[in-house]
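Scroll down for the structure; my scribbles are underneath it.
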4 protein chains.
Amino acid sequence: MTTTTNSGRARASAREGGGRRRARGATGLASERRDHLVKLAAELFAKKGFQATTVREIADEAGILSGSLYHHFDSKESIVDEILSNFFTELMAADRAALEQGGTPEEVLASLVRISFGTLEPHRAAITVLQNDWNYLKGLERFAYLIQAEEEVEQMWIEAIKNGQTAGLFRPDLDPRLTYRMIRDTIWVSVRWFQPNEGLDAKVLYGHYVSVLLDGIHVH
Amino acid sequence: MTTTTNSGRARASAREGGGRRRARGATGLASERRDHLVKLAAELFAKKGFQATTVREIADEAGILSGSLYHHFDSKESIVDEILSNFFTELMAADRAALEQGGTPEEVLASLVRISFGTLEPHRAAITVLQNDWNYLKGLERFAYLIQAEEEVEQMWIEAIKNGQTAGLFRPDLDPRLTYRMIRDTIWVSVRWFQPNEGLDAKVLYGHYVSVLLDGIHVH
Amino acid sequence: MTTTTNSGRARASAREGGGRRRARGATGLASERRDHLVKLAAELFAKKGFQATTVREIADEAGILSGSLYHHFDSKESIVDEILSNFFTELMAADRAALEQGGTPEEVLASLVRISFGTLEPHRAAITVLQNDWNYLKGLERFAYLIQAEEEVEQMWIEAIKNGQTAGLFRPDLDPRLTYRMIRDTIWVSVRWFQPNEGLDAKVLYGHYVSVLLDGIHVH
Amino acid sequence: MTTTTNSGRARASAREGGGRRRARGATGLASERRDHLVKLAAELFAKKGFQATTVREIADEAGILSGSLYHHFDSKESIVDEILSNFFTELMAADRAALEQGGTPEEVLASLVRISFGTLEPHRAAITVLQNDWNYLKGLERFAYLIQAEEEVEQMWIEAIKNGQTAGLFRPDLDPRLTYRMIRDTIWVSVRWFQPNEGLDAKVLYGHYVSVLLDGIHVH
DNA sequence: AATGAATGAGGATTCATTCAT
DNA sequence: AATGAATGAATCCTCATTCAT
């Protein structure tokens with residue numbers, strides 16, 4: 001079991017070798033305090049970026065001194081690790097379930113899209129960090145597992161898209177991988193500007209995006 | 001005249017009152033040395049991120065000492081400023097020209113898309129920085145002008161899309177603003193993974209994206 | 001409450017909005033460590049000047065690393081701020097008390113002079129900094145409050161001198177403001193060369209100066 | 001002959017060893033350009049302080065690049081050296097002349113005071129630098145000669161004061177050295193706040209100061 | 001007489017992290 | 001669980017000075 005993540009599911013390689021702090025209980029429940037701190041940090045990371053957020057700012061937000069954070073976490077990286085692995089664990093579990101449940105290719109693809117949109121609000125911070133700080137984080141060995149997780153997700157989408165093409169539902173001239181990336185990017189990047197309030201909620205955005213992706217902007 | 005930008009066109013407010021270094025000559029041509037340094041820095045910013053790139057790394061790349069960079073630039077920020085304003089100046093000039101040239105709404109929109117794709121290679125570094133570091137840079141007063149530039153671009157696109165709807169070419173149920181953002185994001189985010197070599201060049205990507213955006217992935 | 005001053009009394013405008021470090025406890029007592037560091041810094045500032053004293057020198061004197069100073073202080077400026085505001089707070093409180101206590105104009109003026117001389121030893125460092133580095137420090141916004149403090153002191157002196165003139169004790173042809181400045185300068189500038197040991201103590205100096213100022217060097 | 005000073009008179013020890021730049025012609029006339037630069041630098045040193053004034057600021061003021069200053073001067077220090085030695089050379093020459101000319105002790109002392117006041121305007125910058133930056137400059141070997149110059153001045157004053165005491169004109173209970181310093185400080189420190197315009201000119205200030213020093217502020 | 005590019009040494013400051021209490 | 005003090009390495013930037021042109 002890793003020292004910093006509960007799931008471990010999303011994590012391809014469990015970097016052991018330590019566990020000096022905070023093993024979670026067998027029940028899988030972490031301390032509320034810890035979870036609270038992760039949430040505070042997530043907000044800050046999303047707002048200011050991972051690098052630009054200092055450990056002191058996180059501690060200030062929590063009303064403690066920066067050194068005290070290290071009672072809960074190994075490092076600043078382990079906090080963001082927890083945020084990101086939580087997100088991927090949930091996303092992949094949902095994606096797998098969608099594929100296992102089956103249905104028409106269109107239904108499966110719609111499920112995948114809906115799942116992605118569904119993460120936009122509960123995991124807004126994680127997605128924002130991924131958008132803004134991935135370029136930096138990907139350089140750290142510790143986050144290599146995220147690349148593998150992302151590849152697994154990609155495979156699931158490509159499979160769904162190919163099934164749709166085989167079934168004659170989706171245009172056969174489209175490259176499944178490019179199509180996946182286009183959809184993925186278009187959804188996740190929206191965290192940059194999408195504000196769930198304002199009369200534009202996630203459902204409207206979802207409807208609009210799915211509609212364009214499926215039928216294009218042309219009048220047919 | 002600002003000390004950090006050549007064009008000034010993209011820059012809404014000329015922040016004077018510092019400028020002890022490096023005004024460009026009346027010809028509008030900067031020194032070759034300076035331009036070279038900007039290019040080196042752009043590569044590094046794109047690869048490692050703005051914050052994660054140290055001034056020393058830029059200097060090392062140029063074969064000089066870090067302090068010597070300050071003979072050419074006021075600050076690290078003024079380097080990235082130059083990179084970004086160059087990009088926006090060119091993009092906006094091209095967009096404006098496309099609108100002025102006119103044509104059918106479809107032609108205009110196609111031009112805007114083609115222009116955006118066309119910046120992907122010459123301004124790859126700028127776009128990458130914008131994708132990865134904007135969250136940080138937007139917090140700096142000095143980059144407020146970029147927000148205004150982006151808004152002007154948005155208006156041009158929205159106008160083109162609306163014209164297409166009025167002409168009955170584009171689906172009237174689509175929100176022009178959401179549509180613009182979807183297209184913009186989808187194009188620019190691709191710098192994250194798009195490598196122009198590999199048998200997948202910008203034209204193929206362009207063709208694929210335009211095709212999906214115009215006609216959707218559905219078989220009609 | 002400011003983060004850098006204990007008294008706040010001498011400080012005309014409380015510059016809030018930073019203060020992530022070091023608020024003093026409710027008791028108004030700073031940590032001994034901090035006070036010790038301020039004293040060390042004061043000595044160095046007095047000896048070498050504010051600008052010429054490096055943060056590393058202060059830290060060296062304290063036996064810690066330069067970065068560690070920032071656990072206690074926001075900046076080098078906030079250290080000197082503390083030194084100077086302590087001095088002004090005390091001086092002004094004493095001056096106010098002297099005026100409130102009343103007495104003949106001569107007694108009041110003598111009190112003011114005695115108070116000024118009395119600060120020469122306990123606040124030698126602050127006065128030295130004021131003499132040597134004021135030209136630099138006055139350019140910093142943060143020290144604008146010192147100008148106002150000085151003006152309040154001037155008003156108290158001028159009042160005392162005018163009272164003496166009204167009472168027929170002091171020559172009516174003298175400009176109270178010029179007279180004040182002459183006395184003030186003459187006292188404080190002496191820190192430049194006055195060494196309290198050497199058989200010339202502050203009392204002798206005080207006696208000499210008061211005698212000349214009151215009666216002149218002429219034989220009458 | 002030194003490389004940086006014309007007079008050499010005020011300079012106790014002629015630091016040779018170079019003379020690679022700017023020897024003055026046998027006529028004692030330096031280039032106008034050089035004198036102009038010294039004047040510009042003097043203004044800046046007086047306004048901002050010696051340390052706080054950068055070589056680039058001086059060059060900017062002269063409309064040249066900072067490196068170009070080194071065609072005229074060895075170093076920043078040699079500029080201030082020229083400013084200060086000019087001042088001392090003139091002051092000492094005048095003081096010597098006053099003593100040689102003789103007269104009653106009162107006349108001699110009055111002359112010395114008048115001479116000091118007389119330097120306030122033409123040498124305002126030098127005196128200001130001396131007041132503000134002496135604490136720093138005195139630490140530099142190169143300026144040791146100023147200490148000797150100052151001592152010579154002190155001796156002249158003390159002699160004059162003693163003569164006055166012997167003649168029964170000045171109070172015999174006063175310490176001549178303390179009296180000198182009091183007068184000297186009181187005059188020179190006034191550059192800090194004294195602005196020659198404003199209806200308060202040097203003559204009024206002179207009259208006031210002399211009057212107080214000679215007769216005190218008491219009504220007799 | 002001046003430029004333009006660079007040096008090199010240092011300066012204040014930041015910040016993740018450690019650790020004794 | 002948390003404090004308070006400190007570390008140590010790095011960061012951006014400054015500036016007097018040099019020198020080939």
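Reminder, nothing fancy here: chain letters follow the sequence lines and each chain counts from 1. Just so it is clear, the structure is predicted and the values come from calculations on it, not from any experiment.
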*How long is the span from the CD atom in B/Gln51 to the CG atom in B/Asn135, to the nearest 0.5 Å?*
9.0 Å
*B/Asp81 CG - F/dC12 P separation (whole Å)*: 17 Å
_Gap separating the CG atom of D/Leu37 from the CZ atom of D/Phe73, nearest 0.5 angstrom_ = 5.0 Å
*asked:* Looking at F/dA5, I'd like to know if its phosphate oxygens (OP1 or OP2) sit under 4.0 Å from a side-chain N or O belonging to C/His71.
replied: yes
*For B/His72 and E/dA6, is the shortest distance between a side-chain N/O and OP1 or OP2 below 4.0 Å?*
yes
*For D/Glu57 and D/Thr54, indicate whether the former's side chain and the latter's backbone hold a donor-acceptor pair under 3.5 Å.*
yes
*asked:* Does the structure show a Watson-Crick or G-U wobble partner for F/dC12, both distances under 3.5 Å? Name it, or say none.
replied: E/dG11
*Within this structure, what is the CD-to-P distance between A/Gln51 and E/dC15, rounded to whole angstrom?*
12 Å
*Counting any heavy atom closer than 4.0 Å, what does C/Ser68 reach on the DNA or RNA strands: base, sugar-phosphate only, or nothing?*
base
*Find out whether the Lys NZ or Arg CZ of C/Lys76 is both under 6.0 angstrom from the six-membered ring centre of C/Phe50 and within 45° of the ring's axis.*
yes
*Please determine, by modelled atom types, if D/Asp133 and C/Tyr136 share a side-chain donor-acceptor pair under 3.5 angstrom.*
no
*Length of the CZ-C1' vector between B/Arg33 and F/dA20, whole Å*: 15 Å
*In whole angstroms, how far is the P atom of E/dA2 from the CD atom of D/Glu61?*
16 Å
*Between atom CZ in C/Arg142 and atom P in E/dA12, what is the gap in whole Å?*
15 Å
_Euclidean distance, D/Lys138 NZ relative to D/Leu130 CG, rounded to 0.5 Å_ = 12.0 Å
*Do any side-chain nitrogens or oxygens of C/Arg56 fall under 4.0 Å of OP1 or OP2 in E/dG11?*
yes
*Starting at the 5' end of DNA chain F and moving along, which residue's nearest nucleotide shows up first, C/Leu37 or B/Thr53?*
C/Leu37
_Just N and O in the side chain of D/Arg34: are any of them under 4.0 Å from OP1 or OP2 of E/dA1?_
no
*What is the distance, rounded to the nearest whole Å, between atom CG of B/Asp35 and atom P of E/dA5?*
12 Å
*Kindly point out which of F/dC12, F/dG4, E/dG4 is positioned nearest to the side chain of B/Val55?*
F/dC12
*What does A/Ser75 touch in the nucleic acid at a heavy-atom separation under 4.0 angstrom: a base, only the sugar-phosphate, or nothing?*
sugar-phosphate
*Who does E/dA16 pair with, Watson-Crick or G-U, both distances under 3.5 Å?*
F/dT7
*Pick the nucleotide of DNA chain E nearest each of B/Ser66 and C/Ser66; which residue has the one closer to the 5' end?*
B/Ser66
*Distance below 4.0 Å between C/Tyr70 side-chain N/O and E/dT14 OP1 or OP2*: no
*Interatomic distance, C/Ile79 CD1 vs E/dG11 C1' [rounded to whole Å]*: 14 Å
*asked:* Looking at F/dA1, which nucleotide sits across from it as a Watson-Crick or G-U wobble partner, both distances under 3.5 angstrom, or is there none?
replied: none
_Please compare C/Thr54 and B/Leu69 by the position of their nearest nucleotide in DNA chain E and report the one closer to 5'._
B/Leu69
*B/Glu57 CD to F/dC12 C1', straight-line distance once rounded to whole Å*: 13 Å
*For A/Ile64, report the nucleic acid contact type (base, sugar-phosphate, nothing); a contact means any heavy atom under 4.0 Å.*
sugar-phosphate
*For DNA chain F, whose closest nucleotide is more 5', that of D/Ala52 or that of C/Gly63?*
C/Gly63
